[in-house]
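To keep things clear, I will list the structure first and then write my remarks on it.
We use all heavy atoms of the structure for the numbers below, so side chains are in, but hydrogens, waters and symmetry mates are not. Quick note: residue numbers are just sequence positions, from 1.
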Amino acid sequence: MTTDKKMHGPEESAPERVNAFSDGVFAIVITIMVLELKKPEEPTFGALFHLWPTWISYAVSYLFIAIVWVNHHYLLKYAKGASFRLIWGNFAHLFSVSLIPILTVWIAESKLAAVPVALYAGVFMLVNVTYLVLAWECLGVRRPTAAAVRTRKLLHIRSFFTISLFFLAMVVSFWFPYLGLGLICCCLGLYLRPEIPGKPGY
């Protein structure tokens with residue numbers, strides 16, 4: 001009995017604590033972004049419109065965090081246990097998400113300048129890379145899961161495609177930041193549904 005616990009204890013620990021801790025981090029990140037919102041200097045529509053970079057950056061960041069949370073929650077349902085790889089992969093994922101608020105503010109204050117938007121895309125790419133690490137751990141071949149092999153491959157293909165698109169957005173943003181932000185939004189659309197479309201049971 002003791003030997004079994006030493007060999008399998010970390011793998012058998014439930015991932016609920018990882019999920020609960022992650023939920024807290026996501027909530028804090030959103031709260032920080034809300035606190036960074038600036039009110040218009042005057043009670044006019046013109047003053048409200050003057051803050052258009054703030055509303056755009058906040059809306060994109062909020063949507064991104066919502067999508068990340070939904071996919072994160074969906075993915076962890078397939079984790080058989082809170083392994084050390086899963087825990088540290090999750091910390092890396094949350095670290096990349098925690099960088100979003102400061103770049104959201106920077107984009108707003110710079111009015112979508114090239115460097116802030118490029119770094120914004122870079123952070124999104126980092127979030128996607130760390131998500132792929134979690135996917136490998138939760139849906140990998142090291143332990144049986146409820147995910148079909150073909151569905152797992154499609155998930156990885158989608159991740160590699162969006163990572164490439166985020167990288168392209170980062171490069172393009174140095175010359176055309178608006179286009180780079182548009183590419184970022186296109187990537188977000190691919191993750192509105194955490195499961196692979198047309199493949200029930202994932």
Query raised in the report: Yes or no on side chain to side chain contact (heavy atoms under 4.5 Å, CB included) for I163 and Y131, after CA distance, side-chain angles and deciding distance?
Result: CA-CA 10 Å; I163 288 171; Y131 174 79; over 6 Å; no
Query raised in the report: Between I100 and M33, what is the shortest heavy-atom contact and its length?
Result: CG2-SD, 4.3 Å
Query raised in the report: Taking all atoms of both residues into account, what is the closest heavy-atom pair of S98 and V29, and its distance?
Result: CA-CG2, 4.1 Å
Ignoring hydrogens and angles, write down the donor-acceptor pairs under 3.5 Å from the side chains of residues 164-188, residues two or more places apart or on other chains.
from, atom 1, to, atom 2, distance (Å)
S164, OG, F160, O, 2.9
S173, OG, A169, O, 2.5

Query raised in the report: Quick one: does L37's side chain get under 4.5 Å of W55's, heavy atoms only?
Result: yes
Query raised in the report: Do L94 and I32 belong together in a cluster built from hydrophobic side chains that touch within less than 4.5 Å?
Result: no
**Report entry** Within residues 23-37 or reaching into it, pairs that qualify as side chain to side chain donor-acceptor pair (under 3.5 Å) - sequence neighbours excluded
**Finding:** D23-W69
Report summary line: The remaining residues in the hydrophobic cluster of V105, counting side-chain heavy-atom contacts under 4.5 Å among Ile, Leu, Val, Met, Phe, Trp and Tyr, are none
Query - Which residues share a side-chain hydrogen bond (donor to acceptor under 3.5 Å, both in side chains) with S159, sequence neighbours left out - result: Y191
Query raised in the report: Can you find a pair of side-chain heavy atoms, one from F26 and one from V97, that are under 4.5 Å apart?
Result: yes
Query raised in the report: Is there any salt bridge (Lys or Arg N to Asp or Glu O under 4.0 Å) pair reaching into residues 170-192, and which pairs are they, with sequence neighbours excluded?
Result: none
Requested in this report: Output every pair passing ring-ring contact (aromatic ring centres under 6.0 Å, His included) with a member in residues 85-123, not counting sequence neighbours, ordered by first then second residue.
Outcome: F21-F91, H72-H93, W88-F91, Y120-F124
Query raised in the report: Under a 4.5 Å cut-off applied to non-hydrogen side-chain atoms, are P53 and I107 in contact?
Result: no
Query raised in the report: Does the side chain of T104 come within less than 4.5 Å of Y62's, by heavy atoms?
Result: no
